[in-house]
Amino acid sequence: MNKVIMQRLKKTIIFALIAAAQGVVGSAQAQVSFSGNTLPVYSEKPAASTGLNSIYVLNRCDGVTMSYTAANAQAAVVWLKYGTQGGGYAEDISGVRKDGAVTSIDVIPNTGYIIEEDSKRTYVWVVNYQDYYLDLEAITLDVEQDCGTVMLNVAGSGADINYYTITGVPKKLDREMKLTYNTLEWNSDELRWDEKQVEESYDVLKPSISVAAPFCDTQFTLTGDKLLRFWGSEEQVESTTYATKAVAVESTAVQEERENSNEKKVESGSLGGSAPVTVTFTAYPTDAAIHKEWQMARDAEFADILLRKNEEEVTNTFTEAGTFYLRFIGTNADGDCEAESETYTVSIGTSSLECPNVFSPTSSEGVNDEWKVSYKSIVEFQCCIFNKWGVKMCELSDPSQGWDGKYKGKYVKSGTYYYVIQARGADGQKYNLKGDINIINYSTRSTGGSTDTTE
């Protein structure tokens, strides 16, 4: 390599590094333009690391002139060209025409240019699109499809549009090929699947494309490229209709709330607690789900399934202590694609039952003025309250119920009364309880005094 080339290589690399680091775009007033072309010239500013100020794409280069308008009409403008080896191996261009501040040349396609104006340099690459012309023929569905992906075969031609940085690094111009199709997207606010259009972009023409399997029947449309789009002659091909086989499932679980002040609850934010617990499970499968089933088991692996229901919505009341697991499975018509919901865990606590022995129904309203048991996970309950002569004052059939101290609508006298309870817990525990209830601090309310004629 001779001394002149070495100096030019060193100078070019230094200028390129400075331009890339500072984001320099050559002279602010200098301009590159083209004439003789029938369609507009596409231009793009590449990454600063390329050292290039612009990439120009011409629909065709035959008979096209490239011009540079200098910021200083008196400046000596030098044109150089380079190829795959980069600007360090740039060669002078002969036959440069000059008309005042404007210098021009006949375009050499698929070439890099360095235009020197005094100490300023402009770096560009010019592409002849005819050498990379996109021709789309067809897009077809591959014979072999699976549950998760769709394979598409593309017939057509369009070589990668290559260009080279000022230091000789090969790059590809993004063609922005666009593939559009429809699928379903979960709307968590409305609890439904909404159809939406998907658009994917590819930098080059691919002979085969793999995409996530859509959840609805759809057609695939491939269009391109951005250059034909720019010139208003975009190519487009469309597939036959894809019949979806992919399955997806979303689900919800809503527990029925109980506000019983005497029930012991576990405030964990999870499903379950004090039995009986009623939960409504709802599945929202996509279009391809034909076989639908809720499953319940006592083990998280669902080795022993206790319950199967072929419905999208299931309401279940849990009356046994322990941990239960529920999930929904949706399967397509062929049975080769399925999806599961999340697994829900319902934990039902063991039982407890405690009985107070003192209350004051008339002394302070809202404070200990009703006799109630304290309980958890009681699924069967029968309670009778008697006075000392065996007259039944009250009968309760649910542990959330209480006795307000009245008999036939009026308050009884203070003293000792007796309860008999038969109950069963979610854990199978049986309760046979007897005890006394003491009514104290009695004072007659304005609604009437005691009318317990059995006293």
Under 3.5 Å donor-acceptor, [X] side chain and [Y] backbone:
| X | Y | answer |
| --- | --- | --- |
| Gln295 | Leu307 | no |
| Glu200 | Thr180 | no |
| Thr165 | Val169 | yes |
| Thr286 | Ala248 | yes |
| Glu338 | Gly335 | no |
| Glu380 | Gly425 | no |
| Thr218 | Asn182 | yes |
| Arg229 | Glu235 | no |
| Asn53 | Tyr123 | yes |
| Asp146 | Thr149 | yes |

Separation between [atom1] of [X] and [atom2] of [Y], rounded to the nearest 0.5 Å:
| X | Y | atom1 | atom2 | answer |
| --- | --- | --- | --- | --- |
| Trp193 | Thr183 | CH2 | OG1 | 8.0 Å |
| Glu44 | Asp174 | CD | CG | 7.5 Å |
| Asn128 | Ile108 | CG | CD1 | 12.5 Å |
| Leu152 | Asp142 | CG | CG | 8.5 Å |
| Thr345 | Glu342 | OG1 | CD | 9.0 Å |
| Tyr68 | Glu116 | OH | CD | 10.5 Å |

Are side-chain heavy atoms of [X] and [Y] found at a separation under 4.5 Å?
| X | Y | value |
| --- | --- | --- |
| Ile161 | Arg175 | yes |
| Leu184 | Asp287 | yes |
| Asn332 | Ile290 | no |
| Leu306 | Arg298 | yes |
| Asp369 | Asp404 | no |
| Phe220 | Val211 | yes |
| Leu141 | Val150 | yes |
| Lys292 | Pro285 | yes |

For [X] against [Y], the heavy-atom pair lying closest together:
| X | Y | answer |
| --- | --- | --- |
| Met151 | Ser210 | SD-CB, 3.4 Å |
| Gly349 | Ser377 | O-OG, 2.8 Å |
| Ala288 | Ala246 | CB-O, 3.4 Å |
| Phe359 | Trp403 | CE1-O, 3.7 Å |
| Leu134 | Gly224 | CD2-C, 3.3 Å |
| Gly330 | Val249 | N-CG2, 4.3 Å |

Once the angle between the rings of [X] and [Y] is folded into 0 to 90°, is it parallel (under 30°), tilted (30 to 60°) or perpendicular (over 60°)?
| X | Y | answer |
| --- | --- | --- |
| Trp294 | Tyr344 | tilted |
| Tyr113 | Trp79 | perpendicular |
| Trp125 | Tyr164 | tilted |

* Listed once per pair and sorted, the salt bridge (charged side-chain N to carboxylate O under 4.0 Å, His left out) pairs that draw on residues 56-76, sequence neighbours left out -> none
* Could you name each residue pair satisfying salt bridge (charged side-chain N to carboxylate O under 4.0 Å, His left out) that touches residues 242-255, not counting sequence neighbours? => Lys245-Asp336
* **Ring-face cation of Arg327 near Phe302 (centre distance under 6.0 Å, axis angle within 45°)** => yes
* Could you go step by step and tell me if Lys372 and Ser261 meet the side chain to side chain contact (heavy atoms under 4.5 Å, CB included) rule? -> CA-CA 9 Å; Lys372 285 185 176 183; Ser261 60; 3.9 Å; yes
Greater than 12 external heavy atoms within 6.0 Å of [X]'s [atom1]:
| X | atom1 | value |
| --- | --- | --- |
| Glu238 | CD | yes |
| Lys309 | NZ | yes |
| Lys98 | NZ | yes |
| Gln74 | CD | no |

Side chain to side chain contact (heavy atoms under 4.5 Å, CB included) with [X]: which residues, sequence neighbours excluded?
| X | answer |
| --- | --- |
| Asn310 | Glu293 |
| Ser94 | none |
| Leu433 | Leu353, Cys355, Tyr419, Ile421, Tyr431 |
| Asn260 | Arg258, Asn262, Glu263, Tyr375, Ser400 |

* To do: Using the ring pair (Phe, Tyr, Trp, His ring centres under 6.0 Å) rule, collect all pairs that involve residues 304-324, keeping only residues at least two apart or in two chains.
  => Phe318-Phe324
Tell me the disulfide bond (SG atoms under 2.5 Å apart) pairs involving [range], sequence neighbours left out?
| range | answer |
| --- | --- |
| residues 150-213 | none |
| residues 97-135 | none |
| residues 59-123 | none |

* Could you tell me which residues satisfy side-chain hydrogen bond (donor to acceptor under 3.5 Å, both in side chains) with Ser43, sequence neighbours excluded, listed by chain and number? => none
* Listed partners of Cys337 passing disulfide bond (SG atoms under 2.5 Å apart), at least two apart -> Cys147
* **Charged N-O contact under 4.0 Å between Arg97 and Asp106** => yes
* May I ask you to say whether Asp194 pairs ionically with Lys196, meaning some side-chain N is under 4.0 Å from a carboxylate O? => no
* So Thr280 and Glu313, side chain to side chain contact (heavy atoms under 4.5 Å, CB included) or not? Walk me through it. -> CA-CA 7 Å; Thr280 298; Glu313 182 172 286; 3.8 Å; yes
* **Ring center gap for Phe281 and Phe328 short of 6.0 angstrom** => no
